[in-house]
Amino acid sequence: MSPDRSDSATPFAIERRILSASLHVAGLSILAIAGAAGSGLVVELLYRDDQWPALAISTLGLGALGAALWRGTSLPANAGGTGGAIRAVGVAWLTISVAAAVPFVLAGVLRWDLALFESVSGLTGTGSTVLSPIEGNTHGILFYRQMTQWVGGMGVVVLAVAILPFLGIGGLELFRAESPGPTADQLVPRVSDTARRLWSIYCSLTAISIVVLLATGMGLYDAVSHAATGVGTGGFSPYNDSISHFDSATVEAGIILSMFLGAVKFPLFYAALRRRDLRVFWRSSEFRFMVWIILSATAFITLLNWRDGMPVTAALRDSAFNVVSLMSSCGFGTADFTQWVPATQIVLLFLMVTGSMAGSTSGAIKLFRVQVVAKHAWREVRRVRRPRGVFPIRLGREPIPEDIVRSVLGYVMFYFVLAVVGIVVLSGFGADLATSAGSVVTAMGGVGPGLGETGPAANFLVFDSAQRAVMILLMLLGRLEIFPLLLFLLPVGTRIRRGRGRFNPARTHDRVESSGATVRVRR
């Protein structure tokens, strides 16, 4: 059944609609931003702050625009296939990036270029900020800022797929093009049902995080604000000092749990609930790898900080929090790690590059790719001794097909090439090497704090407009896994062929190991 036949009672209305998957999804995505602005408006009214007119105008204006685009357009029969999905994702993200900046501008908080940076940072879950001072703004504006990360954490396009029942194959392509991480695990046959289940898990984890943070002594406003950006691994906080504002080990433990939940791939939660077996998590080689890295990095950094004169309890507390924060790409802060010894900063930089599990809300390369690259490197070492040997790469019990290995290697190489280009460009604009490298890594990885002048105790006002424009592009590239946005920006992206031997990252799927089951994975 095609989308155009879904409402036979009103054939004339449908006939007058514009057939455009891009505008249709963009309209629904703008409605999500209007909802975020509406939540900020409610908070603003509850606290009786004075920015409610700006939030009210934003809610109504964006709501009207989104509704007009959604109701005034209709999906083509096949939504354009892969090319249409990539266009829809690109148009949606560029549109909502501008739409999400509107409340900041109307409230007089930021001028347009800064507001665009803040909105992209929020929607991509990066957490880099140009809002200074943060605490000088009203509760509603800051809550809206938090909600941009919650909406962007799972992805507004996945939200669109979740509530559009007639997307058909176009919806499948859209879901695969936008889903966070290199995997797009289809939990059930219908992609719209899959998206709804993912959002149900996301909302449930957020609710659990709110309850945990309330139990630590946080107020309701703080608990909801930090749960939204913790599970969404965004890292925005309504306080200048981030989590160190609370100066509480109990609060930090609750935030660590929130960030960890966001760093675990969502299909594992679904499998654990369906099978009623928590051992599903430990059967995943990627989950075990993440836990091993967290424990090892925490122990190593704790030792270095203790040797540098920090009390052992403080060293353990700060090290554990910042390891989970940066590896999950959340970016909450409790300490200025740029003041730690250089060896600790190298380890933290590594965590910012690797990220956590594929299929979670976190950013960066993802541990799935790190595992594949590491196993491929070890296989090449073994081939030195046995050139004719056959050494399949396995994750858990499942062998990884060679074309997936090649595509992972290509992606990682592309990632680092773009990172180097970004570092060179920022350095060419006058930034020092440490600041450029840290900023590029944090932008592409969606982490938030960088190194040098953009560390956790600073913000991104140290950059000029041109440098921030580069950062915006890097944040979008990192959030959309590079290929969809590049193919959207390049004309050749609309003419992707299915010919044999041609690499198409939005349609190539294979079998890989996940929680003891076989799932489909986008490379």
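Quick caveat: nothing in here was measured; it's all calculated off a predicted structure.
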If you compare all heavy atoms of Q345 against all heavy atoms of Q339, which two are closest, and at what distance to 0.1 Å?
NE2-N, 4.5 Å

Keeping Q146 on the side-chain end and F236 on the backbone end, is there a donor-acceptor pair under 3.5 Å?
yes

Is there a donor-acceptor pair closer than 3.5 Å between any side-chain N or O of E453 and the backbone N or O of V462?
no

Side chains of D222 and S225 only: does a donor on one sit below 3.5 Å from an acceptor on the other?
no

Between K366 and M357, is any pair of side-chain heavy atoms under 4.5 Å apart?
no

I255 and M259, any side-chain heavy atoms less than 4.5 Å apart
yes

To the closest 0.5 Å, what do you measure between CZ (R479) and CG (L477)?
12.5 Å

Do F104 and W112 come within less than 4.5 Å of each other through their side chains, counting heavy atoms only?
no

To the nearest 0.5 Å, tell me how far D318 CG sits from T313 OG1.
9.5 Å

Donor-acceptor side-chain pairing of S128 and T126 below 3.5 angstrom:
no

Just checking, any donor-acceptor pair under 3.5 angstrom between side chains of S244 and S242?
no

Side-chain donor-acceptor pair present, T454, S439, cut-off under 3.5 Å:
yes

Hey, is the main chain of I134 close enough, under 3.5 Å, to the side chain of N240 for a donor-acceptor pair?
yes

Tell me if a side-chain donor or acceptor on T442 pairs with a main-chain N or O of G448 at a distance below 3.5 Å.
yes

Where does the angle between the aromatic ring planes of W199 and W150 fall among parallel (under 30°), tilted (30 to 60°) and perpendicular (over 60°)?
perpendicular

What distance do M218 atom CE and L213 atom CG have between them, rounded to the nearest 0.5 Å?
5.0 Å

Whether R369 engages the ring of Y411 as a cation-pi pair (distance to the six-membered ring centre under 6.0 angstrom, angle to the ring normal within 45°) should be assessed.
yes

Once rounded to the nearest 0.5 Å, what's the spacing between atom OG of S285 and atom CZ of R394?
12.5 Å

Just say parallel, tilted or perpendicular for the rings of H139 and Y221, cut-offs at 30° and 60°.
perpendicular

So, for A364 and Y415, which heavy atoms are closest and what is the spacing to 0.1 Å?
CA-OH, 3.7 Å

Contact check, side chains of V373 and F368, non-hydrogen atoms, under 4.5 Å
no

Mind checking whether T344 and F337 have side chains closer than 4.5 Å, heavy atoms only?
no

Give the minimum heavy-atom separation between M147 and A36, together with the two atoms involved.
CB-CB, 3.9 Å

Please indicate whether W378 has more than 12 foreign heavy atoms, meaning atoms of other residues, nucleotides or ligands, lying under 6.0 Å from its CH2.
no

Quick one: does any side-chain atom of S58 pair with a main-chain N or O of A37 as donor and acceptor, under 3.5 Å?
no

Give the C-alpha distance, both sets of side-chain angles, the deciding distance and a yes or no for side-chain contact (heavy atoms from CB on, under 4.5 Å) between T298 and F321.
CA-CA 9 Å; T298 298; F321 187 92; over 6 Å; no

Rounded at 0.5 Å granularity, tell me how far CG in L303 sits from CG in L316.
11.5 Å

So, F117 versus F463, ring centres under 6.0 angstrom or not?
no

So, for S436 and I423, which heavy atoms are closest and what is the spacing to 0.1 Å?
CB-O, 3.9 Å

How long is the gap from NZ on K265 to CE on M290, to the nearest 0.5 Å?
11.0 Å

Any donor and acceptor pair, going by atom type alone, linking the side chain of T435 with main-chain N or O of A431 inside 3.5 Å?
no

Kindly give the heavy-atom pair with the smallest separation between S319 and I301, and that separation in Å.
OG-CG2, 3.3 Å

With distance as the sole test, does T124 use its side chain to make a donor-acceptor pair with the main-chain N or O of L476 at under 3.5 Å?
no

What I want to check is whether the side chains of S362 and S329 have a donor and an acceptor closer together than 3.5 Å.
no

V353 side chain reached by M444 side chain, heavy atoms, under 4.5 Å:
no

Trace of the side-chain contact (heavy atoms from CB on, under 4.5 Å) decision for H376 with V408
CA-CA 10 Å; H376 172 77; V408 166; over 6 Å; no

Where at least one partner belongs to residues 130-150, residue pairs that pass salt bridge (Lys or Arg N to Asp or Glu O under 4.0 Å), sequence neighbours excluded
E118-R145

Decide side-chain contact (heavy atoms from CB on, under 4.5 Å) for M327 and F350; before the verdict, give the C-alpha distance in whole Å, the side-chain angles of both, and the deciding distance to 0.1 Å.
CA-CA 9 Å; M327 187 171 185; F350 169 77; over 6 Å; no

If we only count heavy atoms from C-beta on, is the K375 to I400 side-chain gap below 4.5 Å?
no

Using 30° and 60° as the class limits, which term best fits the ring planes of F260 and F287: parallel, tilted or perpendicular?
perpendicular

Would you please say whether a donor-acceptor pair under 3.5 Å links the side chains of T129 and N459?
no

Using distance alone, with no hydrogens and no angle criterion, decide if T233 and T361 have a side-chain donor and acceptor under 3.5 Å apart.
yes

What closest approach, in Å, do P238 and L142 show between heavy atoms, and which atom pair accounts for it?
O-CD1, 3.7 Å

Evaluate I96 against S29 for side-chain contact (heavy atoms from CB on, under 4.5 Å), listing each step before the verdict.
CA-CA 7 Å; I96 63 170; S29 301; 3.5 Å; yes

Specify whether F289 and W292 have parallel, tilted or perpendicular ring planes, treating 30° as the upper limit for parallel and 60° as the lower limit for perpendicular.
parallel

Output yes when a side-chain donor or acceptor of Q149 lies under 3.5 Å from a complementary backbone atom of T229, and no otherwise.
no

Which label fits F266 and Y202: parallel for a plane angle under 30°, tilted from 30 to 60°, or perpendicular past 60°?
tilted

Just checking, is any N or O donor in the side chain of S237 or H245 under 3.5 Å from an acceptor N or O on the other one?
no

Tell me, do L295 and F300 make a side-chain contact under 4.5 Å, heavy atoms counted?
no

